[in-house]
Amino acid sequence: MLTLLQAIFAFLITLAILVTVHEWGHYWVAKRLGVKILRFSVGFGKPLLQRRFGADQTEFVLAPIPLGGYVKMLDENEGEVPVEEVHRAFNRQALWKRAAIVVAGPLVNFLFAILAFTLMFMLGVKGLTPFIGEVTPDSIADHGGLKANQQIIQVNQQPTLRWESVIHKTLETVLDKENAEYAVRDEQGRTSLHELALDDLVPDDFTRKNLFDKLGFKVFRPRLPPVVGKILPDSAAQKAGLQVNDEMRSLSGEKTPDWKTWASIIAKNPEQMLVLEVLRNGQILALDLTPKNRDGKGFAGVGPLVPDEWPPAKYYSTEQYNLWAAVPKAVDKTWQMTVLSLRMMAKMLTLEVSPKNISGPVRIAEYAGHSWDLGVERFLFFLGLISLSLGIINLLPIPMLDGGHLLFYLVEWVKGSPLSENMMFFWQKIGITLVLMLMMLALYNDFLHLFE
């Protein structure tokens with residue numbers, strides 16, 4: 001279960017890795033091009049740790065505010081430079097060198113995403129195979145001819161091993177404002193094609209967690225049978241007379257076809273006497289069960305009997321490759337996620353996607369904690385996705401960001417000279433304002449999310 005400390009720890013690890021990676025890109029290229037580096041800082045504020053290394057005695061710093069970092073280079077615009085080192089000042093470098101140093105940070109973010117996705121595919125990505133559960137009558141899925149227990153094997157002729165792929169390909173179709181072609185396989189192994197009219201879907205449906213409600217079907221999840229596997233001493237279950245291998249049939253008249261249903265009824269009825277019907281040795285018995293109150297929820301002190309193969313292999317798919325196959329898969333994944341991110345950003349500018357989808361540090365910490373909790377491969381996916389996002393955002397043509405600097409260099413190249421100091425100062429103020437507005441919106445969305 002995700003804890004606050006776990007979320008904070010995963011968030012700090014994420015920031016430390018990605019900030020270091022981004023700033024290392026600037027640092028590495030600057031060093032190779034002969035620019036003197038004065039400081040490499042991970043974090044902002046008064047240094048917690050600092051050490052000097054190398055012939056230039058570059059200062060490496062770890063600071064307490066973890067929301068970024070910077071590489072400080074020798075620059076005449078930021079102070080006096082000794083005559084003998086003028087040739088190593090950033091501002092004295094050729095235009096292509098300055099551009100290369102600036103673009104290196106975002107570029108390394110993309111390369112790191114490819115590395116993270118490569119490791120993820122080598123470890124193996126496990127997820128639910130896309131089997132359809134209950135289909136809602138008169139829904140998009142129903143009109144398209146989808147049935148319960150069918151497996152979605154392709155969307156628009158693209159393979160779908162896991163639900164993640166189904167969602168991704170369906171979102172692309174919605175962005176294209178087209179219908180989706182689902183290829184499915186039924187329980188007898190027969191395949192068929194079904195066209196789903198997605199006119200009523202909008203991109204926000206994919207972020208509001210109501211996609212499958214709009215499509216009109218449930219995700220099929222294998223359910224544990226309601227059979228007792230263990231009983232805690234001095235528990236409500238033991239006092240009621242439950243025994244290992246008892247099969248729960250109902251609670252106070254409500255059927256319990258699976259363990260989750262049984263447990264949810266127990267949770268809703270703390271300190272309430274329930275009539276429990278169980279099947280034991282071919283006979284139906286009635287027992288009185290009164291769940292204890294644990295933090296406002298009912299607790300019976302009983303665990304399920306888990307089959308040797310659980311979850312059944314049929315319902316889970318693992319995508320795993322060796323190094324040589326994982327690299328091209330990672331490159332393709334990086335490309336797909338980059339294109340999808342850019343398209344969603346464009347839709348946000350035209351208000352076709354709600355700005356409520358912009359996340360700040362609180363939600364990113366929450367996602368970091370959840371991915372950490374789910375295992376190494378999921379955390380690697382999260383790292384790759386956030387690294388991609390940082391690369392894309394930093395390339396936006398907004399002053400204060402790397403993309404803003406590249407825009408200034410483009411203007412300098414066109415006009416043959418740099419922008420005037422007054423013009424630079426004006427656009428820097430615009431950039432600071434835009435970045436602050438974006439940060440405030442992200443924090444506002446985080447605040448609303450806490451009370452959802």
Side-chain angles (χ1 to χ4, degrees), residues 125 127-223 314-317 319 329 332-359 381 385 388-389 392 445 449 452:
V125 186
L128 275 172
T129 304
F131 281 95
I132 299 171
E134 181 183 346
V135 176
T136 306
D138 200 32
S139 64
I140 294 173
D142 188 35
H143 291 164
L146 296 182
K147 305 294 182 184
N149 300 318
Q150 289 177 330
Q151 178 188 351
I152 303 171
I153 55 176
Q154 289 184 347
V155 175
N156 296 336
Q157 300 180 354
Q158 297 296 315
T160 51
L161 293 178
R162 304 180 307 279
W163 278 111
E164 174 194 329
S165 301
V166 174
I167 295 169
H168 189 159
K169 299 303 177 185
T170 305
L171 174 56
E172 289 179 345
T173 307
V174 171
L175 291 173
D176 291 333
K177 298 183 178 180
E178 296 177 352
N179 292 343
E181 182 185 75
Y182 277 35
V184 301
R185 181 187 297 124
D186 65 19
E187 293 176 289
Q188 286 72 44
R190 297 171 299 197
T191 60
S192 56
L193 296 177
H194 302 264
E195 185 172 354
L196 271 62
L198 305 181
D199 299 339
D200 294 335
L201 263 65
V202 295
D204 279 341
D205 290 325
F206 292 78
T207 57
R208 293 172 182 159
K209 300 181 180 179
N210 62 348
L211 170 63
F212 297 113
D213 290 337
K214 293 288 288 288
L215 286 172
F217 63 81
K218 296 184 182 298
V219 172
F220 177 83
R221 300 178 186 276
R223 303 290 191 182
K314 172 184 178 181
Y315 297 113
Y316 279 80
S317 297
E319 193 174 3
K329 288 292 295 184
D332 183 58
K333 185 75 171 178
T334 301
W335 173 252
Q336 289 182 24
M337 299 305 296
T338 300
V339 171
L340 184 60
S341 297
L342 289 172
R343 297 187 69 186
M344 290 293 283
M345 288 173 66
K347 294 290 184 181
M348 199 173 295
L349 290 174
T350 58
L351 301 182
E352 293 180 68
V353 173
S354 172
K356 291 182 179 179
N357 294 309
I358 297 175
S359 298
F381 175 74
L385 190 60
L388 261 183
S389 300
I392 293 170
N445 288 341
H449 175 69
E452 287 180 352

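Every residue was checked against the side-chain hydrogen bond (donor to acceptor under 3.5 Å, both in side chains) condition with S165, not counting sequence neighbours, and none meets it. Every residue two or more places apart in sequence or in another chain that forms a salt bridge (Lys or Arg N to Asp or Glu O under 4.0 Å) with E164 is listed here: R162, K333, R378. For V219, the side chain to side chain contact (heavy atoms under 4.5 Å, CB included) partners are L128, W163, F212, R221, not counting sequence neighbours. Remark: S389 engages no residue in a side chain to side chain contact (heavy atoms under 4.5 Å, CB included) (not counting sequence neighbours). Residues satisfying the side-chain hydrogen bond (donor to acceptor under 3.5 Å, both in side chains) test with T160, not counting sequence neighbours, are none. Evaluation of the side chain to side chain contact (heavy atoms under 4.5 Å, CB included) rule for I153 yields Q151, A183, R185, T191 as partners, not counting sequence neighbours. With sequence neighbours left out, the side-chain hydrogen bond (donor to acceptor under 3.5 Å, both in side chains) criterion links T129 to S317. Applying the side-chain hydrogen bond (donor to acceptor under 3.5 Å, both in side chains) rule to Q157 yields no partners; only residues at least two apart in sequence or on another chain are considered. Every ring pair (Phe, Tyr, Trp, His ring centres under 6.0 Å) that F381 has, sequence neighbours left out, goes to F117. Under the side chain to side chain contact (heavy atoms under 4.5 Å, CB included) criterion, Q336 pairs with H168, K169, D332, not counting sequence neighbours.
Between L340 atom CG and L175 atom CG the span is 6.5 Å, to the nearest 0.5 Å. Separating the CD1 atom in I140 from the CG atom in L146 is a distance of 10.5 Å, to the nearest 0.5 Å. Of the inter-residue distances, the one linking L388 atom CG with T334 atom OG1 reads 5.5 Å to the nearest 0.5 angstrom. Taking CG of N156 as the start and CD of E172 as the end, the distance is 8.5 Å to the nearest 0.5 Å. In this structure, the separation between OG1 on T170 and CG on L198 is 7.0 Å, given to the nearest 0.5 Å. With rounding to the nearest 0.5 Å, the separation of CE in M337 from CG in L385 is 4.5 Å.
Residues in residues 193-202 take part in these side-chain hydrogen bond (donor to acceptor under 3.5 Å, both in side chains) pairs, two or more places apart or across chains: N179-E195, S192-H194. Residue pairs that meet the salt bridge (Lys or Arg N to Asp or Glu O under 4.0 Å) test with at least one member in residues 136-146, sequence neighbours left out, do not exist here.
For the residue pair P130 and V166, the shortest heavy atom distance occurs at CB-CG2, 3.8 Å. Closest approach of E187 and N149 over heavy atoms only: CD-CB, 3.8 Å. When every heavy atom of G216 is checked against every heavy atom of A141, the shortest pair comes out as O-CB, 3.9 Å. Minimum interatomic distance between V174 and L201 (heavy atoms only, all atoms of both residues): CG1-O, 3.8 Å. When all heavy atoms of A148 and V135 are compared, the closest pair comes out as N-CG2, 3.8 Å. Between L196 and G144, the shortest heavy-atom contact is CD1-CA, 4.4 Å.
Classified by interplanar angle (parallel below 30°, tilted 30° to 60°, perpendicular above 60°), the ring pair Y315/F220 is tilted.
Using a 4.5 Å heavy-atom cutoff, the side chains of T136 and L215 are not in contact. Side-chain contact between Y316 and P222 is present, with heavy atoms from C-beta onward closer than 4.5 Å.
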* **Criterion side-chain contact (heavy atoms from CB on, under 4.5 Å) on D176 and R343, from CA distance to verdict** => CA-CA 10 Å; D176 291 333; R343 297 187 69 186; 2.5 Å; yes

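The environment of NZ in K214 is crowded: more than 12 heavy-atom neighbours from other residues, nucleotides or ligands sit within 6.0 Å.
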